[in-house]
Structures are given as structure tokens and as C-alpha cells.
Protein chains: 2
Amino acid sequence: MSAVYAIENVTPKSHAPAARKFEVACSTCNLRELCLPKDLDPVDMARLEQIVYARRKVRRGEALFHAGDSFHSLYVIRSGFFKTTVLNPDGREQVTGFYMPGELLGMDGIGAGSYHGNAVALEDCEACVLPFALVEHLSREIPALQRHLHCVLSREIVRDHGVMMLLGSMRAEERLATFLLQLSRRFTNRGYSPSDFHLRMTREEIGSFLGLKLETVSRLFSRFHEDNLIEVNQKHVRILKIDGLEALLASKH
Amino acid sequence: MSAVYAIENVTPKSHAPAARKFEVACSTCNLRELCLPKDLDPVDMARLEQIVYARRKVRRGEALFHAGDSFHSLYVIRSGFFKTTVLNPDGREQVTGFYMPGELLGMDGIGAGSYHGNAVALEDCEACVLPFALVEHLSREIPALQRHLHCVLSREIVRDHGVMMLLGSMRAEERLATFLLQLSRRFTNRGYSPSDFHLRMTREEIGSFLGLKLETVSRLFSRFHEDNLIEVNQKHVRILKIDGLEALLASKH
DNA sequence: CGACCTTTTGAACGTATTCAACCGATGTGG
DNA sequence: CCACATCGGTTGAATACGTTCAAAAGGTCG
């Protein structure tokens, strides 16, 4: 496992092992339901905590990794929001997802040995570093971890298929409604208000994700506002009629 | 491993174990570079062949699995073409991919324990059945298999991101050009002509995949034909200027 | 051969984009 | 502290791209 030490360019001020170990204890992390297997016995839990090699702070606008960087680790978001993007040969950028605490980043790097896309912090963020060699090693010994890893990878594929559905066969207003409902659901899972939240991304980033131009996104927000479905004030959104948004999806072909 | 026997509803005329074992020998399958780990020693290869529990024939138009079917197996295509689709609550269908021999189907089922989408044969097909419990079991003991599985899952995610790029930020003609180039590349990898092939899917299915209507797809085929980039005759396509198609991607905005 | 499905093509239409102007919030330097 | 630049967001008007509706031709399969 000597690979571990070559794996990450950790920020200089990363904590010494002793201090770190306490700080990152997964067993007491309030995100553990999101990123760890359930029903783990204490022994396995202790082994699993060894996976978390370090944490990385990433400032707003900076990247956790870039496309092409050589792949060594997965990351679990501890705090903050990320966007992931891919870049066309001709320079166009496509946002492939928005990720929040407890979610896993970097799975696109396993196959080719280098990350396929970029992961950029939308605000100051912190992420747990999971050296993938360790993850693979331990998941051979802890079936629950193996299973969990496979599930997370599979769920990412399912998520992607949902995005394809959105991009391939929904109208603009359906896309934005879906987006808002999805955000609401994920905030709810994390104990935040389902109806009242702060968008970390710009209109342009939302547009890129949804396959729309920023002006279209802005107009849709205004329209939803006029229809009393939501209140919008810059980045703050309050959902007034969640069933009104859902109705947009069911209706008109 | 008693689970194995409950796993698949194999077609009645599936072969007896003895005959089957010879027939499906992975070590002599000409698709092995596509679906197996490289550099496997003979012992591991022999163990790995035990994974292939059976083969399933699927007739054109029939499904290898449906969305919601409980998940037990991955499938490797031995012959024929499949499309995968997801269905909206309101009934719209989105084609999420086209799959050809050597490619893996069913990865969307791992996370939830049931398949998320449908896999439908575009012609008479045959697929190898890989009971996932066996795959997980063996991949704990054969690191090369474990690695291979992770790579395949990751590559599927990368593929999906490519489709998002296509759907989210390309114009119609770029989408179709990308689609044709992609098909060409995959045929080449399988030893077929890069420029001369038979589309197994309808214009409507292509359209669904590319986020376009079938009429638009048809018009684009005609336009590419007029521009002497391709020849089209119903389902038969011949690419005349591969760099002409590539140029469509680099150009205008 | 006849029924049905797929494909092609045309014309009118509509949705989202483009281009442009303006506003408000935020941040910087004189 | 205010002037100014910058960035993100909103809104309007013209445009363009892809869709819709429709008709007809070509293939395929019983």
C-alpha cells in the first residue's frame, strides 16, 4: 500500500495523522448515512475509517480535480457545493451535475486512469479523500463496502439516465421544474428546508446543465414567479406550490 | 452460492451444463478482449468462466429485462444489437443508448436492486448471463476482475457524460455527425468496416437518443447525403468523408 | 398481394436562441 | 467613501432552428 503516500497533493497545512484521525472520524460524521454502508459492525467501521486519507479544502472557483489529471482518489463532499463539467474539443462547456455534501465525486476517473471531467467548487468546500487503491483493497475484505461502492457507481449511472431523459425529451419549463424539485428533494434528505434554499450556481450554469441558455432560465424563473409557483430573488428560491411544479411535468405531452 | 439457481428464468431450451460449458468458453470467445480483463492467468480464466451461468436468446423486439424487474444479473452481448430506454411517468420514452457485441448491459440495476430501464433487442440477439452475486464473489478473489468491473462501470458513466454533452450543447447536425462517428469507431473496434454499416435502429429511435424528432433525423441524413458526406439507403449507411463529419463538430460556434 | 410500418419531403408554426439594452449587486482603487 | 468596473441577472424584439402536421412513396412481412 505504498501507493497511498504518492497519491494526493494534500494542502501543506493538512493536519498531522493523530489530529486528523479524530477529526475525520466517519463513525461520528453526520453524513455517514449518505456515504457509508449501513449496518457496519464496529470493527469494519474502524477499518473503513482508515480509508479517509485526508481532507482537502477547495476555495470557491477552484477545482478538486481537472479533466486529464491522473486518477488516484474518489472524494466525498463534506461541506459545500460542486459542479462537474466536461469540455468539448471546440471549447464548449457542459455542466454534467451539481453535487452536495455526502455525495461522491471522481467516479469518472476509474476507467481511464485519469479524470474525464472537472469538479469545481461553487463555494468554499471541504472533501474527504478516498485513495481508490485503498477502497479497492478494503472492499475485497469487507463485502458491505464492496456492495456499497457498486451501488454508488450504479446510482450515478441511473442519475445520468435521468439527465438524458430531461435533456432528450423535456421542454424547457419541465426541465427547470424537474431541476427545482430535485434540489428540493436533496435538501430535504440533508435536513434542510424543502421549499427555501439558496442556489449556489449561476443562471448560466443551470442553463448549461439543463441544455438551455441563461436568458431562458431567467425567463422561466420569472414565469414561475408570475404563476405563483415560486418566489425568486437572485439566488434565493422559495417554492410556493410544489404540486404546481409537479403538475408541469405530468401535463401537456 | 445457492442463489445462482434461483437467479435466471433461462429459456426452456437452454443447453445442459456439459454442452453449455464448452459452448460458452470465454477463453476462446472472440469478444474476450472487449468483456474480460487482460492478462489473466489460465487458473483465473477458468474460474472466471464459471461466472457465465447461461446464455439467453432474445428475439427482435423483445426485452432482455424491463424497468422494475428485480436485478440479479449483468449481461454481455454476444451477438446482435440492443437499445436501452427509460420511461417517463407521463409515458414518454427516452433511448439512453445502443449496445453492441462485447458490451455490458444491466449496470443500472445494481443500486436499487431492480433495473432502472429497459433493454430491448433490435434484432435477434444472444447474451451471456452474469449472475451479479457471482461476479461480486469472484471479484473479491480476483483483483483483475474487480478492477475490470470498476472500469466498466466508470466507463459507462463517462459515456453518459458524453451523451449529456451531445444533448446539452450540440446542434442537430453535430449530434447526428457525432452519432455516426461513434458508430463507425465501435464497428471498427469489432473488425467491421468503419465506413459501411447497417443501422439496426429506426429514425425514431435515433431521434429519441439524440433528442430530435424522426423527421429531423431523416432530413439530416438527406442533407449529409446532398453534401456528399454519406450515402444513405434506408438503414444502410456509407460514410464517404469521415473528416467532413468531423469538421461539422469543430466548426461554427 | 395487401396491410402496415418506416422513411422522405414540404409548408406552417412555435419554442428557445440571439442580440441588445438595462439594472442591481459586488468589489476595487483613487 | 465614493466612482467606477465587473459580473450576474432581467427583459424586449427579431431570428432561427427544430417541430408539427400532412401527404405520399418505399419496404417489409404476414
Side-chain angles (χ1 to χ4, degrees), chain A residues 59-61 81 83 92-95 120 122-124 166-180 198-227 230-237 248 251-253, chain B residues 59-62 81 83 92-95 120 122-124 166-179 198-227 230-237 248 251-253:
Chain A
R59 303 279 266 281
R60 175 193 166 128
F81 272 65
K83 66 170 177 181
R92 270 171 292 182
E93 186 179 82
Q94 171 73 30
V95 171
V120 176
L122 296 173
E123 57 191 349
D124 290 357
L166 182 147
L167 291 171
S169 51
M170 287 189 185
R171 305 157 28 63
E173 63 174 21
E174 296 176 294
R175 296 186 199 182
L176 190 64
T178 304
F179 175 70
L180 290 173
H198 184 83
L199 300 172
R200 272 72 172 186
M201 64 296 281
T202 66
R203 302 287 189 263
E204 184 165 20
E205 287 162 336
I206 297 173
S208 171
F209 180 60
L210 299 180
L212 303 170
K213 294 295 161 186
L214 68 95
E215 295 95 329
T216 307
V217 174
S218 179
R219 272 183 247 275
L220 287 169
F221 272 127
S222 301
R223 174 131 54 95
F224 285 179
H225 192 133
E226 286 167 27
D227 298 349
I230 64 173
E231 280 176 6
V232 220
N233 210 311
Q234 298 291 119
K235 291 217 156 72
H236 180 258
V237 172
L248 282 182
S251 67
K252 55 179 92 165
H253 194 134
Chain B
R59 303 281 265 281
R60 175 192 165 131
E62 298 188 336
F81 272 63
K83 66 171 179 181
R92 270 171 293 181
E93 186 179 81
Q94 170 72 29
V95 171
V120 176
L122 296 174
E123 56 191 349
D124 291 357
L166 182 146
L167 291 171
S169 51
M170 288 188 185
R171 308 156 28 62
E173 62 173 21
E174 296 176 295
R175 295 186 200 183
L176 190 64
T178 304
F179 174 70
H198 183 82
L199 300 173
R200 272 72 173 186
M201 64 296 281
T202 66
R203 302 288 188 262
E204 183 166 21
E205 286 161 338
I206 297 173
S208 171
F209 180 59
L210 299 180
L212 302 171
K213 294 296 160 185
L214 69 96
E215 294 95 330
T216 306
V217 174
S218 177
R219 273 183 248 275
L220 286 170
F221 271 125
S222 300
R223 174 131 54 94
F224 286 179
H225 192 133
E226 286 166 27
D227 298 347
I230 63 174
E231 280 177 6
V232 222
N233 208 312
Q234 297 292 120
K235 291 218 155 73
H236 180 258
V237 171
L248 281 182
S251 67
K252 52 180 91 165
H253 193 136

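Heavy atoms only: backbone and side chains are in, while hydrogens, waters and symmetry mates are out. Throughout, a chain's letter reflects where its sequence line sits, starting with A, and its residues are numbered from 1. The shown structure was predicted, so the numbers you read here are calculated from the model rather than taken from an experiment.
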Just verifying a value: how many Å separate E205(A) CD and R200(A) CZ, rounded to the nearest 0.5 Å? 13.0 Å

Evaluate the side-chain proximity of L248(A) to L176(A): yes if any heavy-atom separation is below 4.5 Å, no if none is. no

Rounded to whole Å, how long is the line connecting atom CG of L199(A) with atom C1' of dA25(C)? 16 Å

Find the distance H236(B):NE2 to dT6(C):C1' and express it as a whole number of Å. 18 Å

Is the shortest heavy-atom distance from the side chain of K235(B) to the side chain of T202(B) under 4.5 Å? yes

Integer-rounded Å distance: dC23(C) P and Q234(A) CD: 15 Å

Side-chain donor or acceptor of R203(A) paired with backbone N/O of K213(A) under 3.5 Å: no

Atom CG of N233(A) and atom P of dC23(C): how far apart are they, to the nearest Å? 18 Å

At a 4.0 Å cut-off to heavy atoms of chain A, the contacted part of DNA chain D spans dG8(D) to dA13(D)

Counting only non-hydrogen atoms, which of residues 214-226 of chain A are less than 4.0 Å from DNA chain D? L214(A), E215(A), S218(A), R219(A), S222(A)

Are M201(B) and K83(B) packed together at the side-chain level, in the sense that at least one heavy-atom pair is separated by less than 4.5 angstrom? no

Are the side chains of E174(B) and R92(A) in contact, using a 4.5 Å heavy-atom criterion? yes

Hey, is CD on E123(A) packed in by over 12 heavy atoms from elsewhere, all under 6.0 Å? yes

For atom CG of L176(A) and atom C1' of dA16(C), their distance in whole Å: 14 Å

Quick one: ring-ring contact (aromatic ring centres under 6.0 Å, His included) partners of F221(A), sequence neighbours excluded? none

What's G211(A) touching, base or sugar-phosphate or nothing? Going by heavy atoms closer than 4.0 Å. sugar-phosphate

Separation of K213(B) atom NZ from dA16(C) atom C1', in whole Å? 15 Å

Close side-chain approach of R175(A) to L167(A), heavy-atom, < 4.5 Å: yes

Among the nucleotides dT18(C), dT7(C), dT15(C), which one has an atom lying closest to any side-chain atom of R171(A)? dT15(C)

